[in-house]
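Letters A, B, ... are given to chains in the order of the sequence lines, protein chains preceding strands, and every chain is numbered from 1.
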Amino acid sequence: MNQVDNPMVRFENVTKRYGSHTVLDKLDFEVAANEKVAIIGPSGSGKTTLLRMLMTLEEIDDGIIYVDGEPLTHMLDGDRLVPANRKHLSRVRAKIGMVFQHFNLFPHMSAVNNCIVAPLTVLGLSKDAAYERAAELLDMVGLGDKLDHYPGQLSGGQKQRVAIARALAMRPKIMLFDEVTSALDPELVGEVLKVIRKLGDAHDLTLLMVTHEMGFAKEFADRVCFFDQGKIAEQGTPEEIFSAPTNERTIQFLSAVLETG
Amino acid sequence: MQEKPIQHRLVIVGILSLMAGFAVVTYSSFREFLPELLRGALVTIQVTLGGAMVAVAAALIAAVFKMYGSLFGRWLAIFYIEVFRGTSALVQLFWMFFVLPYFGITLEPFTVGVLALGLNIGAYGAEVIRGAIQSIDKGQWEAATALNLSRMQTLRRIILPQAFVVMIPPWGNLFIELLKGTALVSMITLGDLAFKAQQLNQNTLRTVEIFSLVLIMYLCLAMIITSLMRALERRASRGLVRGRAS
Amino acid sequence: MMFEWDWNYTWEILPILGEASLVTLQATLLGFVLAAVLGLAFALLRMSRLVYIRWITTAIIEFIRSTPLLIQIFFLYYVMPEFGLTLDAMTAGILALGVHYACYCSEVYRAGLDNVPKGQWEAAIALNLSPYATLRNVIIPQAIPPVVPALSNYLVALFKETPLLSAIAVLELMQTAKILASESFQYTEPITLVGLYFLVFSLISAALSRQLEAWLNTRHGGSR
Ligand SMILES: Nc1ncnc2c1ncn2[C@@H]1O[C@H](COP(=O)(O)OP(=O)(O)O)[C@@H](O)[C@H]1O
Ligand SMILES: [Mg+2]
């Protein structure tokens with residue numbers, strides 16, 4: 001296992017079940033601060049579930065998740081760990097942002113308002129400060145001229161870039177990307193990856209991305225994790241995984257993906 | 001007025017209210033009121049049943065005329081539907097009760113109640129039936145035409161039996177509306193549950209007990225309608241499933 | 001007896017009925033404001049995380065929807081004084097109308113709330129919005145516009161039930177017409193006029209509602 005001294009994210013013995021179906025099985029998993037981790041693996045192997053648990057969109061059945069040294073799903077009551085209450089969740093969650101496969105933009109708000117609503121109501125920023133921040137971020141993702149466009153007026157690639165700006169507006173330490181290019185037409189994938197690459201240059205952002213873009217994972221990630229049946233079957237540097245995989249399943253998966261890709 | 005059918009949770013709700021009702025009833029000497037209220041309930045049930053029959057007949061005729069009638073027939077159906085949906089049930093009731101006699105037509109209060117409420121609900125029911133018939137796949141009409149069935153035969157033998165299942169939940173809601181509407185007949189001197197409630201209230205001034213009891217009795221009647229309609233729905237859809245499999 | 005329409009009498013009572021119709025409109029508007037607000041509250045309570053609250057709200061709604069408005073009007077007017085709350089007839093009537101239709105409206109709101117995709121809730125969590133901010137800024141603005149036509153149908157339905165207030169002698173249109181009729185022994189004109197009044201308003205509002213629906217369908221939005 002890739003041991004880190006001060007992990008930004010740590011899964012300890014985490015189990016997730018749907019009914020009798022165990023999706024994640026006693027998972028141990030760590031991500032260092034500012035590390036860029038690509039998560040790959042066959043469909044149904046639990047990649048999305050992993051990110052959703054980290055975003056507190058799914059409850060966990062067993063184990064503990066730590067974020068930045070603090071338990072996310074639990075909190076200290078005296079010296080006992082008890083399930084986290086809403087306030088605690090909200091505090092730890094402030095460190096995490098997420099971008100979804102299907103954008104989930106708010107359709108009744110313009111691009112800039114999508115990016116303003118949370119800083120305004122959660123962080124208590126002034127209107128001007130929130131607007132300035134949103135405009136800056138939208139400019140950064142190349143949409144400086146689309147501030148007042150509604151999601152319905154944007155292409156898929158543009159929507160996804162708004163979604164990235166929206167998440168960044170909360171100044172998270174960790175960004176989660178769940179197959180953010182899968183719902184896009186092929187010619188729009190590049191513009192979104194370009195933005196993510198830009199984020200990679202920021203030195204204070206931890207990145208977890210589930211992706212099927214193997215080429216991008218290879219050049220961008222510090223580490224690649226191959227998930228299979230709720231477990232990390234193999235992980236290592238991109239070179240190790242893509243050039244010299246050792247696990248039988250990894251070899252199978254990569255050959256299947258690279259063939260069709 | 002159409003939406004989700006009333007769910008079986010109504011039963012649970014009913015039990016809870018009945019328990020609350022019994023709490024009211026045990027401390028009051030409700031035996032005094034109950035016989036009189038039951039007589040009223042009987043009238044309410046009669047008006048509801050009569051009204052339901054009028055409603056279904058009127059709705060069916062109006063729907064068929066509106067969809068397949070001659071120009072005049074269509075016009076007549078639209079006139080009926082719009083007038084009865086566009087004015088209040090109470091206005092219709094009063095109109096038939098007070099104004100019709102000036103046209104030389106004097107009806108018993110009971111007949112007026114059944115006709116007015118039935119025609120009122122029938123106007124809504126016509127749109128339910130029309131919607132249900134139009135929801136049936138066009139292919140059914142085409143298949144029937146290919147078998148050389150006439151339009152009326154297709155409607156009666158092929159389309160209506162299928163539309164029937166779709167119609168049951170909204171009709172269930174309409175019958176509940178009808179039951180609630182029957183309270184209006186108390187305003188044309190008919191001795192229904194609502195009428196008896198007011199009468200007892202004036203005579204005894206035991207307001208809380210009387211009106212609580214009456215509300216519970218209406219709830220029970222509504223629950224009976226709901227469970228009958230659910231039973232009908234189960235039977236009808238079972239038949240349809242069997243029919244589809246073959 | 002043949003059909004006779006007395007135009008002189010018609011012109012005589014028209015202004016009186018016109019004035020009474022203002023009471024009808026007032027009861028309609030106030031009643032519907034109550035229905036719209038309380039209905040939304042009911043719909044939100046039905047989404048509560050606490051089972052009891054969901055249950056009790058559902059029970060109350062089903063109870064009110066299954067029993068006659070007329071009895072509910074009587075209940076508020078005659079029974080509430082026993083609990084120390086004496087209401088004048090108009091207030092009792094407006095309350096009864098509002099509460100009764102709140103139950104119908106809550107079903108409409110619920111459909112609207114259910115139609116907001118799960119992803120919108122999840123995005124709100126990911127942005128760390130509070131439950132209140134989520135409802136206010138994200139969910140309700142999306143849930144309500146599509147159901148406005150359905151709500152407006154209940155506005156018309158409530159409007160058509162205001163004649164029930166005549167049962168507790170509120171001087172609205174129907175009660176006024178009945179008083180006029182019993183004074184003059186001419187029933188045809190007042191009651192027919194009341195019917196026409198409702199018919200005209202209903203047809204107009206049905207047309208408006210259709211336009212509203214068309215407009216809502218062509219509005220921006222949709223794609224997330
Ligand atoms: N809400 C749910 N209910 C039941 N099963 C689920 C649910 N969400 C995901 N699963 C199951 O969990 C497994 C992992 O899903 P997911 O994390 O989405 O996989 P991946 O993202 O790797 O394709 C799949 O087998 C999926 O069917
Ligand atoms: Mg997935």
Side-chain angles (χ1 to χ4, degrees), chain B residues 1 3-4 6-7 9-10 12-14 16-17 20 44 82-83 85-95 97-104 173 176-177 179-184 186-187 193-194 197-198 201 205-208 210-212 214-223 225-226, chain C residues 1-4 55-56 58-63 65-72 74-75 78-83 104 107-108 110-111 150 153-154 156-157 159-164 166-167 173-174 177-178 181-182 186-192 194-203 206:
Chain B
M1 205 151 287
E3 54 199 27
K4 283 183 186 171
I6 294 172
Q7 281 110 13
R9 58 165 190 261
L10 190 58
I12 301 161
V13 176
L16 286 179
S17 332
T44 294
E82 293 303 327
V83 166
R85 291 201 319 171
T87 57
S88 301
L90 187 61
V91 178
Q92 290 152 26
L93 197 70
F94 280 170
W95 201 86
F97 189 68
F98 292 114
V99 181
L100 267 189
Y102 288 86
F103 291 78
N173 283 345
I176 301 280
E177 294 298 326
L179 168 71
K180 288 160 59 182
T182 59
L184 301 186
S186 66
M187 297 168 82
L193 196 46
Q198 283 167 271
N201 183 40
L205 295 177
R206 298 261 287 280
T207 311
V208 182
I210 292 168
F211 282 110
S212 304
V214 165
L215 280 174
I216 289 163
M217 287 171 80
Y218 274 111
L219 183 68
C220 291
L221 292 176
M223 282 168 54
I225 293 178
T226 307
Chain C
M1 195 177 292
M2 260 320 292
F3 169 70
E4 259 172 49
W55 260 59
I56 291 170
T58 306
I60 292 173
I61 290 172
E62 291 297 346
F63 182 78
R65 273 172 47 125
S66 307
T67 49
L69 175 59
L70 184 64
I71 308 287
Q72 290 161 12
F74 288 147
F75 196 90
Y78 294 124
V79 176
M80 287 330 263
E82 308 258 325
F83 297 112
Y104 287 96
E107 288 290 321
V108 172
R110 195 157 73 123
N153 285 345
Y154 283 126
V156 177
F159 168 64
K160 284 185 295 188
E161 295 228 63
T162 52
L164 293 197
S166 65
L173 200 51
M174 192 73 237
K178 267 180 79 179
S182 62
Q186 285 184 279
Y187 281 86
T188 312
E189 293 81 5
I191 295 183
T192 309
V194 172
L196 283 175
Y197 172 83
F198 281 105
L199 185 61
V200 168
F201 261 80
S202 299
L203 291 178

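With a 4.5 Å cut-off on non-hydrogen atoms, B:Leu221 does not touch chain C at all. Using a 4.5 Å cut-off between heavy atoms, C:Leu173 does not touch chain B at all. Contacts between C:Thr162 and chain B at a heavy-atom distance below 4.5 Å are absent for every atom of the residue. Only the side chain of B:Gln198 comes within less than 4.5 Å of a heavy atom of chain C; its backbone N, CA, C and O stay farther away. Residue contact with chain C, scored on non-hydrogen atoms closer than 4.5 Å, involves the side chain of B:Val214 exclusively. Heavy atoms closer than 4.5 Å to chain C are found in the side chain of B:Ser186, but not in its backbone. For a residue to count as touching a neighbouring chain, one of its non-hydrogen atoms must lie under 4.5 Å from one of that chain's; by this rule C:Leu203 touches chain B with the side chain only. Heavy atoms closer than 4.5 Å to chain B are found nowhere in C:Tyr197, neither backbone nor side chain. Residue contact with chain C, scored on non-hydrogen atoms closer than 4.5 Å, involves the side chain of B:Leu90 exclusively.
Taking chain B as the reference chain and counting heavy-atom pairs below 4.5 Å, the highest number among C:Phe83, C:Phe159, C:Phe74 is found for C:Phe74. Of the listed residues C:Leu69, C:Leu196, C:Thr192, C:Val194, the one with more heavy-atom pairs under 4.5 angstrom with chain B than any other is C:Thr192. Contact count versus chain B (heavy atoms, under 4.5 Å) is highest, among C:Ser202, C:Pro81, C:Ala181, for C:Ser202.
C:Met174 has its side chain out of reach of B:Ser88: every pair of non-hydrogen atoms, C-beta onward, lies at least 4.5 Å apart.
Considering OH of C:Tyr187 and CG of B:Leu100, their distance stands at 14.0 Å, rounded to 0.5 Å. Expressed to the nearest 0.5 Å, how far OG1 of B:Thr87 lies from CD1 of C:Ile191 amounts to 12.0 Å. The CD atom of B:Glu82 sits 8.0 Å away from the CG atom of C:Leu199 when rounded to the nearest 0.5 Å. Of the inter-residue distances, the one linking C:Thr188 atom OG1 with B:Trp95 atom CH2 reads 8.0 Å to the nearest 0.5 angstrom. Going from atom CE of B:Met223 over to atom CD of C:Glu62 covers 11.0 Å, rounded to the nearest 0.5 Å. Going from atom CG of C:Leu70 over to atom OG1 of B:Thr182 covers 9.5 Å, rounded to the nearest 0.5 Å.
Of all heavy-atom pairs spanning C:Arg65 and B:Lys180, the tightest one is O-NZ, 3.0 Å. Closest heavy-atom contact between C:Pro163 and B:Val91: CG-CG2, 4.2 Å.
Of the residues listed (B:Leu215, B:Ile225, B:Leu219, B:Leu179), the one engaging C:Ser66 in a side-chain contact (heavy atoms from CB on, under 4.5 Å) is B:Leu219, and it is the only one.
Ring-plane geometry between C:Phe75 and B:Phe211 is classed as perpendicular, the angle between the planes exceeding 60 degrees on a 0 to 90 degree scale with a lower cut at 30.
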